[in-house]
Colleague: 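The structure follows.
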Protein chains: 2
Amino acid sequence: MSLATVDTALTIAEAAEVTGVTTHTLRYYERDGLMLAVDRAPSGHRRYTERDLGWIRLVTRLRATGMPIREVRAYADLVRAGDGNEAERLALLRAHRDRVRAQLAEVATHLEAIEFKIAAYETQALACLGEDTAV
Amino acid sequence: MSLATVDTALTIAEAAEVTGVTTHTLRYYERDGLMLAVDRAPSGHRRYTERDLGWIRLVTRLRATGMPIREVRAYADLVRAGDGNEAERLALLRAHRDRVRAQLAEVATHLEAIEFKIAAYETQALACLGEDTAV
DNA sequence: ATCACTCTTCGAGTGCACTCGAAGTCAACA
DNA sequence: TGTTGACTTCGAGTGCACTCGAAGAGTGAT
């Protein structure tokens with residue numbers, strides 16, 4: 001394991017470690033068109049640059065906020081296509097943002113209701129609630 | 001379709017409509033132990049009371065906040081077991097609440113990053129970002 | 001009587017995103 | 001030279017939560 005190869009590019013194992021994504025998944029993302037072009041060493045081994053790591057982090061964010069794989073791929077396709085489609089990228093990101101905001105608000109509402117229920121249990125008000133169905 | 005039967009108990013189709021859960025899923029939940037005892041008409045048909053509807057709404061909240069089916073079942077088991085295990089129910093709900101809060105915070109963080117990226121696109125700062133990897 | 005609804009059981013299918021392993025080859029470092 | 005790790009392709013498996021349909025029988029309002 002070469003810790004600092006030329007150009008500070010990382011091996012797949014190293015990239016996996018710093019991003020928290022397994023090597024299996026990293027290859028899967030690449031196969032599935034979620035990655036931009038990943039460099040290769042003359043040997044054919046993948047070399048992850050700082051840019052790749054940043055991209056992986058972005059993909060992770062999008063995934064963690066519920067964007068489906070196919071949509072991440074659509075976004076990656078746009079970026080790979082180069083300049084001229086910024087409006088489309090923006091539309092895609094905005095649509096996602098709106099969905100995330102809505103989902104966040106919904107979960108927050110549900111959370112409040114659950115907290116209310118917990119409070120009911122904490123104040124021994126349970127008997128008064130008839131059963132467990134309130135909220 | 002009897003709109004207002006005795007006791008205002010609803011048929012499965014009506015319960016499905018007011019809760020937004022399909023009849024298929026309603027039966028699935030019952031089979032899987034997620035429901036408390038659902039009443040039956042003399043004919044054997046399910047009759048959903050207001051209490052059942054409240055319970056379904058609770059289950060929906062728990063599911064919508066990411067609680068796995070098996071954990072909802074565990075909670076339902078406790079409730080069905082009757083009095084004396086309130087501490088366990090409380091612990092289960094609190095653990096869930098903590099997970100939801102954490103997940104909410106995480107998603108919020110990711111959302112901010114995505115919003116930052118959108119802002120970058122909006123200000124045409126994209127060219128300055130080298131490519132699309134920032135954030 | 002008719003027609004919509006319900007019941008049961010059953011198993012299979014769907015969608016999503018990994019996740020794992022294995023085979024066979026090649027590369028890099030000690 | 002040997003071990004570790006990388007490569008490829010491949011397919012199969014996992015986990016989760018539905019989701020669908022169909023068979024065959026009973027129910028209940030009009």
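Letters go in sequence order (proteins before strands), and every chain restarts at 1. For the numbers below, each heavy atom of this structure counts, side chains included, while hydrogens, waters and symmetry mates do not. Everything numeric here is computed off the predicted structure, so don't read it as measured data.
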Colleague: Would the distance check show the side chain of A:E14 and the main-chain N or O of A:T11 forming a donor-acceptor pair, the cut-off being under 3.5 Å?
Modeller: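 Yes, the answer is positive, given that a donor and an acceptor are paired below the 3.5 Å cut-off.
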Colleague: Could you tell me the separation between the CG atom of B:L26 and the P atom of C:dC5, rounded to a whole number of Å?
Modeller: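 In whole Å, C:dC5 P lies 16 Å from B:L26 CG.
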Colleague: Would you indicate what A:A13 reaches in the nucleic acid, counting non-hydrogen atoms under 4.0 angstrom: base, sugar-phosphate, or nothing?
Modeller: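 Result for A:A13 = sugar-phosphate.
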Colleague: DNA chain D: B:P42 or A:S43, which has the more 5' nearest nucleotide?
Modeller: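 Final value for this comparison: A:S43.
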Colleague: So does B:R40 pair up with B:E30, basic N to acidic O under 4.0 Å?
Modeller: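 Result for this pair is yes, salt bridge flagged.
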Colleague: Could you give the angle between the helix axes at the two ends of the helix from C:dA1-D:dT30 to C:dA30-D:dT1, with five pairs per end, rounded to 10 degrees?
Modeller: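 One end's axis against the other's: 20°.
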Colleague: Under 4.5 Å between any side-chain heavy atoms of A:L10 and A:R47, yes or no?
Modeller: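 No, side chains not in contact.
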Colleague: Quick check: on DNA chain D, is the nucleotide nearest B:A41 upstream (toward 5') of the one nearest A:R46, or the reverse? Name the residue that is more 5'.
Modeller: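 It is A:R46, whose closest nucleotide lies nearer the 5' terminus.
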Colleague: Roughly how far, to the nearest 0.5 Å, is CH2 of B:W55 from CE of B:M35?
Modeller: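 Between B:M35 CE and B:W55 CH2, I get 8.5 Å after rounding to 0.5 Å.
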Colleague: Listing request: all salt bridge (charged side-chain N to carboxylate O under 4.0 Å, His left out) pairs with a residue in residues 20-29 of chain B, at least two apart in sequence or in separate chains.
Modeller: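 Residue pairs passing salt bridge (charged side-chain N to carboxylate O under 4.0 Å, His left out), neighbours aside: none found.
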Colleague: Is it true that a side-chain atom of B:R61 and a backbone atom of A:A113 form a donor plus acceptor pair closer than 3.5 Å?
Modeller: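 Not at all, since once roles are kept as given, no pair shorter than 3.5 Å links the two residues.
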Colleague: Restricting to side-chain hydrogen bond (donor to acceptor under 3.5 Å, both in side chains), what partner residues turn up for A:N85, sequence neighbours left out?
Modeller: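 A:N85: side-chain hydrogen bond (donor to acceptor under 3.5 Å, both in side chains) contacts with A:R89.
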Colleague: How many whole angstroms separate atom CG of A:D39 from atom P of D:dA6?
Modeller: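 After rounding, the reported distance stands at 17 Å.
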Colleague: Between the protein and nucleotides 9-18 of chain C, are there any N/O to N/O pairs under 3.5 Å, and if so, what are the atom names and distances?
Modeller:
unit_1	atom_1	unit_2	atom_2	d
C:dC16	OP1	A:R70	NH1	3.0
C:dA17	OP1	A:I69	N	3.0
C:dA17	OP2	A:I69	N	3.4
C:dC18	OP2	A:Y29	OH	3.0
C:dC18	OP2	A:R63	NE	2.9
C:dC18	OP2	A:R63	NH2	3.4

Colleague: Does A:R40 put a side-chain nitrogen or oxygen below 4.0 Å from OP1 or OP2 of D:dT8?
Modeller: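 Result: yes.
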Colleague: How close or far is atom P of C:dA28 from atom NE2 of A:H45, stated in whole angstroms?
Modeller: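 One finds 6 Å between P of C:dA28 and NE2 of A:H45, rounded.
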Colleague: Is there a side-chain polar atom (N or O) of A:T23 under 4.0 Å from OP1 or OP2 of D:dA6?
Modeller: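 Result: no.
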Colleague: For B:T19, give me all partners under side-chain hydrogen bond (donor to acceptor under 3.5 Å, both in side chains), at least two apart in sequence or on another chain.
Modeller: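 For B:T19 there are no side-chain hydrogen bond (donor to acceptor under 3.5 Å, both in side chains) partners, ignoring immediate neighbours.
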Colleague: Would you kindly give the CD1-to-P distance between B:I12 and D:dG26, to the nearest whole Å?
Modeller: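 It is 20 Å, rounded to the nearest whole Å.
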Colleague: Among residues at least two apart in sequence or on other chains, which ones pass side-chain contact (heavy atoms from CB on, under 4.5 Å) with B:R97?
Modeller: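 Only A:L111, A:E115, A:I118, B:R94, B:R101 meet the side-chain contact (heavy atoms from CB on, under 4.5 Å) criterion with B:R97.
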Colleague: From OH of A:Y48 over to C1' of D:dG5, roughly how many Å is that when rounded to an integer?
Modeller: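 Computing the A:Y48:OH to D:dG5:C1' distance gives 14 Å.
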